[in-house]
Every structure is written in C-alpha cells, then in structure tokens.
**Q** 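Can you read through this structure? Questions will come right after.
Bear in mind the structure is a predicted one, so any value in this text is a computation, not a measurement.
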Amino acid sequence: MEADERPLTPADIDDVVDRCFAAGDDRVGVEVEWLLHPVGAPDRRPRLSEIERAVEGSLDAGGSITIEPGGQVELSTSPHATARLALEALRTDTARLHERLAAHGIEPVAIGADPVRRPGRLVDAPRYRAMEASFDHGGPEGRRMMCNTASIQLNVGHGPEPRRRWRLANAIGPTVAACFANAPIAEGLPSGHRSVRQAAWLAIDPSRTRQPQLTADPRDGWRDFALDANVLLIRRPDRDAVTVAPPFPFRRWLEEGHAVGAPTGADFRYHLTTLFPPVRARGWLELRMIDAVPEPARDVVVAAVTALLVDDDAGAEALEAVAGVEDAWDAAARCGPTDPRLATAGVRCLSAAAAALRRGGDGALADAVDEFADRYPAEGRCPADDVLAEWAAAPPRPAARSRPAAPPRPDGQAPPPQTRPIPRSHA
C-alpha cells in the first residue's frame, strides 16, 4: 500500500479497468526470452554478475533487456506499426545481444523450458521472493515457471474494437500454444507434454493464471478476475514487501482490509501486474501462451498471430476454425497438434494468416507461415517434436548413466543431470 494515497473505491477500479480496454491502434511489440548457459556447459547457470556484464549497454533498434528470475534474458522491442517492422527491430537487437553474450562465454537457448537443469533462482528481488513463497504453497511448478521457462510474448494494440480483439485473442490461444509448443523435456527426460512450460502455468494458482471469463463486456470479466485473484504481496513504503499466503483474494482485502492497511489505487494497479492469464489486458493485448522457439518459427508466430488479430477477415476465419477448442488448454500443453482438433484448427488459422499477410504485401512472411503449417500442424507436429527427435538421437552422457539424482545445491546451481545435451538446433 502507498501511504500517500486514499483507500481504493469501486469507481477507482472501474477507471483502471476501463483503461485496460481503451480503444487503440494496431501497433506490435515483441518480448523474447532465452535460457542461458555457459558455452559447452548446459548443466550450469551463468553467474548473475556475468549476465549483467554481458547485457550492459544500449541496443541499436531501441529494445530493452531485462534479466528474469532464473537468469533468463528478455529482449523487448518498442511498439511498431506492423509485425514486419517489429521483427526487423527484433533481429537487429537480437544480433547485438547475442554478440555480447558470446563475448562473455554465454550461450542463449531458444526453447520453452530448460531440458537439463533443476530450477534455481538467481535474481533476488522482493517481487520474486514473494512469488516464490506464494507459488510454493501449490507445489514445485511455480519455481519451474519462474526459473526454467522462456517465452515469446506478443503485444498487440486493442484496435478500434477491443471487445472483438479480446475475444479473438483468447479463443485462438490454445491453438497457438499447441502449434508452437516447444518444451517437451525437463530435467533430462521427456515430460509427457509438448509444452512443460504451459503445463507449469496450468498447475500454478488458478486464481492468477486461468483464462478470465469471456463476458459480453470484457471489462466485467477482467474486473472479476482481478478481484478474485489472490494477493501476491503488499508493498510497504517504509520496509520490504509483506508476503500474503493464499488464499487472500483482492476482493477480501478490499472488503475486510488487512493489518497493514486498506488497498489503494496503486495497490490495485500493481496487483494487475501479478496476474498471468494466457492473455492479459494492459491497455493493449499481451499474449503469453507462446513457448520460445528459434528462427524462423519465431517470425512465423509473430507475423501469423498479429495478422489474425488485426485483419478482420482472417480473424473471422480463425474464430470459425477454433470452435470447439477455445478452452483446450490442457490438450494444447499435453498433446500439441497430435490432438487432431488442434492440428486442424492450426492449419486453418495459419492459412488465414498467410492470406492476410499476402493482402498486406508481406509475401515472404506469408510463405514462411505456409511452410510452417505444412511442416508442423498439417503433419500433427510442433517444434517440440524436433526437440524430442534430437534428444532421442543423442547418445547419453556415459558418466551420467549410473549416477543417482542429486538434490539442488545451496548456491542455486543445478547438480550435473542425468541427461542428454540440449538439442543443438535450439542452442
């Protein structure tokens, strides 16, 4: 809570929620994460100080870099008028970032979940400590998500019709997650999921991570979702944040108060940043269901999903294509396009996206989308199947065959795993 703010009122909440769904433009921004390991040592994490030195400095295309809890690095572009322009900026800044990492002996890996290491948090911040403590109440998947996963987050403006675009983004979510699933291995073994990253999200506090109710007015569903979600932490102006053990919905804080005081507008705005549904409303749409994938799949997902959202004809086709699988989050994480419903929906969505890109003059991106559709969902496959094939073909490390599993080390470093190396196409 902020000491200089008055207590929160229902009108304040409505004002914040209204801003989350304000009509806007079609601008596109991309946030890409990579797992990091020292070159030649996929079972180790770089030291935080090594990562910090490697990512120092500005980037040529204006992107920004942040370091995530487990030492993942995230590159965020600024908003651009089109997906093509966003991708051009992303390529420029990615090349510079990877040069800096290589100069410090650090290798980035474009994959949705760490296939080798156990979770280990490197970044010590009040927010991450609170998240870890809160998620630990529900099991180990919170730490896996925080420290051992990487994603592509796509940010697209609401356009002139926020209701339509919100509905569409949520409806296509499971199909998008399935088509680009790229996280089949955890701690050296196949996880049983095409996306162990998406499975981890599904296993975490559902008040925070589930899809909101898709009400006729999205503001109503988002407001209820936010009020029913558990409070993660309460910030204090005079000392460290207070961790709140679940269940403690924000609605309860609003109605009953808390020992540290009543919530303020700043508390509610901060609470919204601790909500992690597949699609988040932030004054624009933030799509969070996409695993990190290497190029060219990265460009395909950005171009295709943006086309579905901003092109009315493509969006209408996509809504028809995903009928019946709008809520198939479990199947998307477990099966990917081996589920024939998701495969069929994926092919139709990608075909509609490619047609929209051609109408907009992006023939090269359209061709890439078609090629991806033919190689993956049309064959009941996704990038995770490439990872599994490479994992199966790699010989086991001889020294690891008989070594028993070791507990995590106190310094957060994972012990040497019983595993095969990271597939080279993703490193």
Side-chain angles (χ1 to χ4, degrees), residues 16-17 20-21 31 112 131 134-135 138 141-142 145 149 151-156 158 161-181 183 193-232 246-247 249-251 271-291 301 305 308-309 315 318-337 339 341-342 345-346 349:
V16 172
V17 171
C20 288
F21 288 94
E31 302 172 32
M131 287 177 66
S134 177
F135 292 154
E141 294 306 315
M145 176 278 298
T149 64
S151 69
I152 296 173
Q153 293 182 17
L154 179 61
N155 302 300
V156 181
H158 280 300
E161 298 181 72
R163 295 183 185 186
R164 184 197 71 84
R165 200 163 283 186
W166 170 256
R167 171 76 180 88
L168 175 59
N170 279 277
I172 66 175
T175 297
V176 171
C179 285
F180 296 91
H193 290 81
R194 288 304 191 274
S195 177
V196 69
R197 172 186 166 272
Q198 190 65 36
W201 278 114
L202 293 172
I204 298 170
D205 177 9
S207 80
R208 189 179 314 284
T209 63
R210 66 176 170 81
Q211 186 182 65
Q213 290 293 318
L214 300 182
T215 51
D217 187 337
R219 294 173 297 183
D220 295 335
W222 186 244
R223 182 190 303 105
D224 287 343
F225 176 72
L227 292 175
D228 292 337
N230 289 316
V231 176
L232 184 67
F250 195 96
R251 191 186 302 275
H271 175 65
L272 292 180
T273 73
T274 71
L275 308 182
F276 308 112
V279 183
R280 186 159 64 174
R282 300 185 61 187
W284 63 88
L285 295 172
E286 182 185 78
L287 283 77
R288 308 175 49 86
M289 76 290 293
I290 308 164
D291 286 348
V301 67
V305 176
L308 295 179
L309 293 175
L319 273 179
E320 291 184 10
V322 301
V325 292
E326 304 100 318
D327 300 317
W329 293 105
D330 288 317
R334 185 176 62 257
C335 306
D339 184 316
R341 303 171 303 157
L342 289 165
C349 284

**Q** Evaluate the side chain to side chain contact (heavy atoms under 4.5 Å, CB included) criterion for residues W201 and M289: first the C-alpha distance (whole Å), next the side-chain angles of each, then the deciding distance (0.1 Å), finally the verdict.
**A** CA-CA 9 Å; W201 278 114; M289 76 290 293; over 6 Å; no

**Q** Can you list every side chain to side chain donor-acceptor pair (under 3.5 Å) pair that touches residues 320-332, not counting sequence neighbours?
**A** none

**Q** Can you find a heavy atom in the side chain of L319 that is under 4.5 Å from one in the side chain of L168?
**A**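 They are in side-chain contact.
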
**Q** Shortest non-hydrogen contact from C349 to L308?
**A**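 Minimum heavy-atom contact is O-CD2, 3.4 Å.
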
**Q** Could you pull out the closest heavy-atom pair between P249 and N230, with the gap in Å?
**A** N-OD1, 3.5 Å

**Q** Looking only at atom types and distance, does a side-chain atom of N170 sit under 3.5 Å from a main-chain N or O of W166, one as donor and one as acceptor?
**A**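 Yes, N170 side chain to W166 backbone: donor-acceptor pair under 3.5 Å.
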
**Q** Less than 4.5 Å apart, any side-chain heavy atom of F135 and any of M145?
**A**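 Side chain of F135 against side chain of M145, heavy atoms only: contact under 4.5 Å found.
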
**Q** Identify whether the distance between the nearest side-chain nitrogen and carboxylate oxygen of D224 and R251 falls below 4.0 Å.
**A**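 Counted as a salt bridge, because a side-chain N and a carboxylate O are separated by less than 4.0 Å.
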
**Q** Which is it for L287 and V176 under the side chain to side chain contact (heavy atoms under 4.5 Å, CB included) test, yes or no, and what are the steps along the way?
**A** CA-CA 10 Å; L287 283 77; V176 171; 5.9 Å; no

**Q** Any donor-acceptor pair under 3.5 Å linking the side-chain atoms of D291 with those of S195?
**A** yes

**Q** Can you confirm whether the side chains of D217 and T215 place a donor and an acceptor under 3.5 Å from each other?
**A**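 There is no such pair between these side chains.
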
**Q** Mark yes or no for whether R165, through its side chain, and L309, through its backbone, hold a donor-acceptor pair below 3.5 Å.
**A** yes

**Q** Determine yes or no for a side-chain-to-main-chain donor-acceptor pair under 3.5 angstrom, with T149 supplying the side chain and R197 the backbone.
**A** no

**Q** Determine whether R334 and R194 satisfy the following criterion, side chain to side chain contact (heavy atoms under 4.5 Å, CB included), listing intermediate values before the conclusion.
**A** CA-CA 5 Å; R334 185 176 62 257; R194 288 304 191 274; over 6 Å; no

**Q** Would you mind reporting whether S134 and L232 have side-chain heavy atoms less than 4.5 Å apart?
**A**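 Heavy-atom side-chain distance check passes, below 4.5 Å.
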
**Q** Can you name the closest pair of heavy atoms from V322 and A171 and give their distance?
**A** CG2-O, 3.7 Å

**Q** In Å, rounded to the nearest 0.5 Å, how long is the span from CD of Q213 to CZ of R223?
**A**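 Here the rounded value is 14.5 Å.
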
**Q** Would you list the atom pairs, donor with acceptor, under 3.5 Å between side chains in residues 274-282 and any protein atom, with sequence neighbours excluded?
**A**
| from | atom 1 | to | atom 2 | distance (Å) |
| --- | --- | --- | --- | --- |
| T274 | OG1 | R208 | NH1 | 3.2 |
| T274 | OG1 | H271 | O | 2.7 |
| R280 | NE | E286 | OE1 | 2.9 |
| R280 | NH1 | T273 | O | 3.1 |
| R280 | NH1 | L275 | O | 2.8 |
| R280 | NH2 | E286 | OE1 | 2.9 |
| R282 | NH1 | E286 | OE2 | 2.9 |

**Q** Nearest heavy-atom pair of L342 and A178: which atoms, and what distance?
**A** CD1-CB, 4.0 Å

**Q** Please name the pair of heavy atoms, one in S207 and one in F225, separated by the smallest distance, quoted to 0.1 Å.
**A**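 Shortest heavy-atom separation between S207 and F225 comes out as O-CE1, 3.4 Å.
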
**Q** Nearest heavy-atom pair of A321 and A345: which atoms, and what distance?
**A**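 The answer is O-CB, 3.4 Å.
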
**Q** Evaluate side chain to side chain contact (heavy atoms under 4.5 Å, CB included) for L272 paired with C20, printing each intermediate quantity in order.
**A** CA-CA 10 Å; L272 292 180; C20 288; 4.1 Å; yes

**Q** Between atom CD1 of I290 and atom CD of E31, what is the distance when rounded to the nearest 0.5 Å?
**A** 11.0 Å

